Every structure is written in structure tokens, then in C-alpha cells.
Amino acid sequence: MRPIIEFCTNNMHHGTEKLMKKLEENPEYDVIEYGCLGNCGECYLAPFALVNGEIVAAPDAEGLEILIAQKIKEIEDMLDLLGG
């Protein structure tokens, strides 16, 4: 299953645009940009993305990249455990 990583246009001031573009280069990911993800409080405070619908947030874009990779690994491990 390909992970779906969603970014909010309004969150790009935190430096997530470069990360989004980098992740878009990976053919294993579906990366989507929305005008709003409905998490305005989160959006204002810190870089964040949704990974398969779950909020992943970090103090900076570099940390977000690490946490997104961890979340994807966690999802893949769970799918392997379930035999999917």
C-alpha cells in the first residue's frame, strides 16, 4: 500500500514546501497538497502533514521529514504483521 502524505498550502511558511517536493519525487508515495486540511491550530504552530490520515507534526521541517519516515515505517510494519 502506498502511503498518502497530505500537506496544507497554508503550512508552507514553516518550510514544508521543500519537503513536499522532495517526497513527490519518490514514486512509492502519493503526495497531495490541499488549500486547507482543517487543522488550523496545528498549521499555525508547527510544520505538519497527514500520513494516511494521521497528523504528524514536528518543531521544524527537518524533524517532520524524520517523523514522516518513521510513521511510514510504522504503517508498513503493521501491514506486514497483518499479512497485507
Side-chain angles (χ1 to χ4, degrees):
M1 180 183 145
R2 292 165 52 117
I4 299 171
I5 306 165
E6 300 167 282
F7 286 90
C8 178
T9 300
N10 296 313
N11 192 251
M12 297 299 169
H13 67 277
H14 288 293
T16 55
E17 184 172 15
K18 286 182 182 179
L19 174 57
M20 183 184 74
K21 298 221 181 285
K22 179 179 179 181
L23 293 172
E24 284 177 329
E25 294 174 4
N26 187 330
E28 299 294 315
Y29 301 154
D30 286 327
V31 179
I32 305 167
E33 179 182 3
Y34 291 103
C36 180
L37 290 172
N39 296 305
C40 299
E42 190 73 45
C43 189
Y44 175 75
L45 293 174
F48 87 102
L50 297 180
V51 179
N52 285 6
E54 293 185 46
I55 293 177
V56 177
D60 55 41
E62 293 80 16
L64 181 60
E65 182 175 8
I66 292 166
L67 292 178
I68 287 173
Q70 288 175 349
K71 177 57 76 176
I72 290 169
K73 173 106 172 73
E74 177 184 310
I75 291 166
E76 288 171 346
D77 289 348
M78 182 63 68
L79 288 173
D80 287 345
L81 183 65
L82 296 173

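Keep in mind the model is a prediction, meaning the values are calculated, not measured.
What you find for Met12 and Glu33 is that their closest heavy atoms are CE-OE2, 3.8 Å. Closest approach of Gly63 to Ala58, counting heavy atoms only: C-CB, 3.5 Å. Nearest approach of Cys43 to Cys8, heavy atoms of both residues: SG-SG, 3.8 Å.
In this structure, CG on Asn52 lies 8.5 Å from CD on Glu6, to the nearest 0.5 angstrom. Separation of atoms CD (Glu54) and CD1 (Ile75) is listed at 6.0 Å; rounding is to 0.5 Å.
In this structure, Tyr34 shares a hydrophobic cluster with Ile4, Ile32, Leu37, Phe48, Leu50, Ile55, the cluster being traced through Ile, Leu, Val, Met, Phe, Trp and Tyr side chains under 4.5 angstrom apart.
Residues passing the side-chain contact (heavy atoms from CB on, under 4.5 Å) test with Leu23, sequence neighbours excluded: Ile5, Phe7, Leu19, Tyr29, Val31, Ile68. Under the rule for a side chain to side chain donor-acceptor pair (under 3.5 Å), the partners of Glu65 that lie at least two apart in sequence or sit in another chain are Lys22. Evaluation of the side-chain contact (heavy atoms from CB on, under 4.5 Å) rule for Glu62 yields Asp60 as partners, not counting sequence neighbours. Partners of Glu74 by side chain to side chain donor-acceptor pair (under 3.5 Å), not counting sequence neighbours, listed by chain and number: Lys71. Looking at residues two or more places apart in sequence or on another chain, you find no side chain to side chain donor-acceptor pair (under 3.5 Å) involving Asn10. For Lys21, the side-chain contact (heavy atoms from CB on, under 4.5 Å) test picks out Glu17, Glu24, with sequence neighbours left out. Remark: Ala61 engages no residue in a side-chain contact (heavy atoms from CB on, under 4.5 Å) (not counting sequence neighbours).
His14 places a side-chain N or O within 3.5 Å of a backbone atom of Tyr44 that can act as its donor or acceptor partner.
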